Amino acid sequence: MLAIEMKGVGKQYEQNIVEPGIAGAVKWYLHRKIKTVQALKGFSLSVKEGEMMGVIGPNGAGKSTAIKIMTGILRSDSGSVRVLGKDPFEQRQDLAKDIGVVFGQRTQLWWDLPPRDTFDLLHAIYNIPDKTFSKNLEMFTEILDLGPLLGKPVRKLSLGERMRCEIAAALLHNPKLVFLDEPTIGLDLIAKENVRDFLIKINRENKTTIILTTHDMGDIEELCDRVAIVDIGKKVYDGKLEKIRKLFGKEKEVSVEFHSQPSAQELRKLGMKIVKREGERYWFSVHGNISSAVKKLVNRFNLHDIEIEEPEIEEIIKKVYREGVRNAKY
Amino acid sequence: MRAIELTKAYLRINVLEWMEYKWDFLIGVLSMLFMEITPAIFIWALFSRIQAVNGWSFGQILFIIGLAGMATAIWRVFFTGFWNFDRFIRMGGLDRTLLYPINPLLHINAVSVWADGLGNVIASAIILSYASAAAGIHWTALSLLLFFIVSVSASLILMALTVIPALAAFWTMRSAVFAEIIWHFKKFLDYPLDIYGTAITFFMTFILPLGFVNFYPAQIFLGTGKYMELAFLSPLVALILIGLTILVWKQGLKVYASTGS
Ligand SMILES: Nc1ncnc2c1ncn2[C@@H]1O[C@H](COP(=O)(O)OP(=O)(O)OP(=O)(O)O)[C@@H](O)[C@H]1O
Ligand SMILES: [Mg+2]
């Protein structure tokens, strides 16, 4: 069954353009200047139950907007949305029992109280059976290493400590579906590992469906079965992360150290594209058949050293963001 | 029962929060106590020279002040959640609230139980017991029950009249100022409404129905026989205003769903 089904969803925001100062405010009341932003257009996404799905994309792409629509906070202008078989906007309160949400930038923890007190409130709000609550609390405390944090006021926790509590808070009621909007923001390497292990465990043991947005490719590589790339409100890629490398990462780099300076003319004749140069060391970008390019170089020149570099997934994604899928595809 | 469990949980976390700031708590309670008792002392000073204001005796006026005080006290403890609603929206608080399987209107009220309202409770209780003695009110089980209904209704009227303007935040970025303007009209409640003349009385009855907070229902207990057609209407006015609040809230939520914070 599908946990999420979004088809052709469009969402437009209206932003008031107010010039600074009182004069600007008065001017705005007299003559409203409104700029519309198309945050999503023709956005589709389906996620199977039990899947871990990553959503990535540059700032302002529309990731958070998509999450707000899926959770029923915002209503889409067009298209259809089903979440756990429900219309999230019309049945928001009903749906809320079965979903958990973490907004990495915001907290649901009571700022002046220890996280434990918020957990107790959530216990009542979600009507969690006592047994489930204490079992979960115990397990979360162990895996996320919350022991020393539960008694400290939230305002005294570091960002990473708070985030771990935040994730625990969102999962206490065993939601079937979890949305995590940048859950690893500001975490150190160990905390990131903890959080990732935790999510994998929850996903395996409870078959929890997990949707997460992130700017950290490590999250995607370690967690997600599938990734969607969003750009200017549209999904531009949907599939396995590894396939991105195959599709967009065809360009490899060969770095070569020559015995003696090759002439530019000769290099051009061989069809080598120079990326960078430092003394006798040259970096060429090679598209397609690497071995024939290497063969050409070895036959023609006397070489000290040769290295073939595969681009990092980060680099490929950056290229996709920068140039759009169509141009990045070659 | 679920409602009781929830009430307990919300109260508990609020009390825990007060305890984090014990001194603020104490100072808040004391300052509210003094603020609430000041108009009563002023009336007392006034009545050392005169016998009656527009036909109202010291005890009667004191009772009217005390009833407004009790309504304010209940409002202050339980119904102030929307006081900073514009800020709440801007900080993303509403997004979070909408994700709970609970009526958001109730949740927003329940997460802000103001402790300093206890000062108002104490002050009003003192004023009311003085007033009862001075005005010769004899309390019975029935009149106490009536008093309870009246003061809760009155606090709900205050809630609606502060929440509705606060909900303007859905349409304009800043709305706190609207709620404050209405709050200023509450000063009129320190005296019997009919001393102000017809225009203001009309306004405070039919436009901004603050008269139903204390002046009209007070007549039940003072036994004056005046305004009897309006004296029992406070619960109805409260109900109508709450209906209106829910209507505006739903409309606002629709706007929010399309604009976001
Ligand atoms: N409440 C709002 N009112 C007006 N415009 C908004 C609002 N929220 C978001 N936007 C705009 O909609 C677009 C999409 O924003 P969104 O927050 O969904 O992006 P995002 O992919 O989550 O970005 P990031 O990686 O920075 O979190 C942006 O252009 C943003 O400026
Ligand atoms: Mg975002």
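What you see is a predicted model; the values in this text were computed from it and never measured.
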Side-chain touch A:Asp120/B:Ile13, heavy atoms, less than 4.5 angstrom: no
Engaged part of B:Thr172 at the chain A interface, taking heavy atoms whose separation is under 4.5 Å: side chain
Neighbour count above 12 (heavy atom, 6.0 Å) for B:Leu146 CG: yes
Shortest non-hydrogen contact from B:Arg2 toward A:Ala124: NH1-O, 2.8 Å
Student check: side-chain heavy atoms of B:Arg96 and A:Thr107 closer than 4.5 Å: no
Value rounded to 0.5 Å, distance of CD1 in A:Ile67 from CG in B:Asp95: 11.5 Å
B:Tyr21 portion near chain A, given a 4.5 angstrom heavy-atom threshold: side chain
Enclosure of B:Met91 CE (heavy-atom neighbours >12, cutoff 6.0 Å): no
Between A:Gln108 and B:Tyr100, a side-chain donor and acceptor under 3.5 Å: yes
Which of A:Leu122, A:Leu113, A:Thr118 touches chain B most, by non-hydrogen pairs under 4.5 Å: A:Leu113
Proximal to chain B - members of residues 95-102 of chain A, heavy-atom separation under 4.5 Å: A:Ala96, A:Lys97, A:Val101, A:Val102
Side-chain touch B:Leu16/A:Trp110, heavy atoms, less than 4.5 angstrom: no
Best-contacting candidate, B:Leu94, B:Val111, B:Leu253, against chain A by heavy atom pairs under 4.5 angstrom: B:Val111
Sorted by number, residues from residues 163-182 of chain A in contact with chain B (heavy atoms, under 4.5 Å): none
Residue pair A:Arg75 / B:Lys254: nearest heavy atoms and the distance that separates them: NH2-CG, 4.3 Å
Nearest-0.5 Å distance, OG1 of residue A:Thr71 to CG of residue B:Leu98: 8.5 Å
Heavy-atom pair with the smallest gap, counting every atom of A:Phe103 and B:Leu99: CE1-CD1, 3.8 Å
Proximal component of A:Phe89, with respect to chain B [non-hydrogen, under 4.5 Å]: side chain
Chain B contact via A:Gln12 - which portion, at a heavy-atom distance below 4.5 Å: backbone
Largest heavy-atom contact set with chain B, pairs under 4.5 Å, which of A:Asp117, A:Asp112, A:Asp94: A:Asp112
Heavy-atom check, side chain of B:Glu20 versus side chain of A:Arg155, under 4.5 Å: yes
Close side-chain approach of B:Pro101 to A:Arg92, heavy-atom, < 4.5 Å: no
Heavy-atom check, side chain of B:His107 versus side chain of A:Ile125, under 4.5 Å: yes
Chain B contact via A:Ser76 - side chain, backbone, both or neither, heavy atoms under 4.5 Å: neither
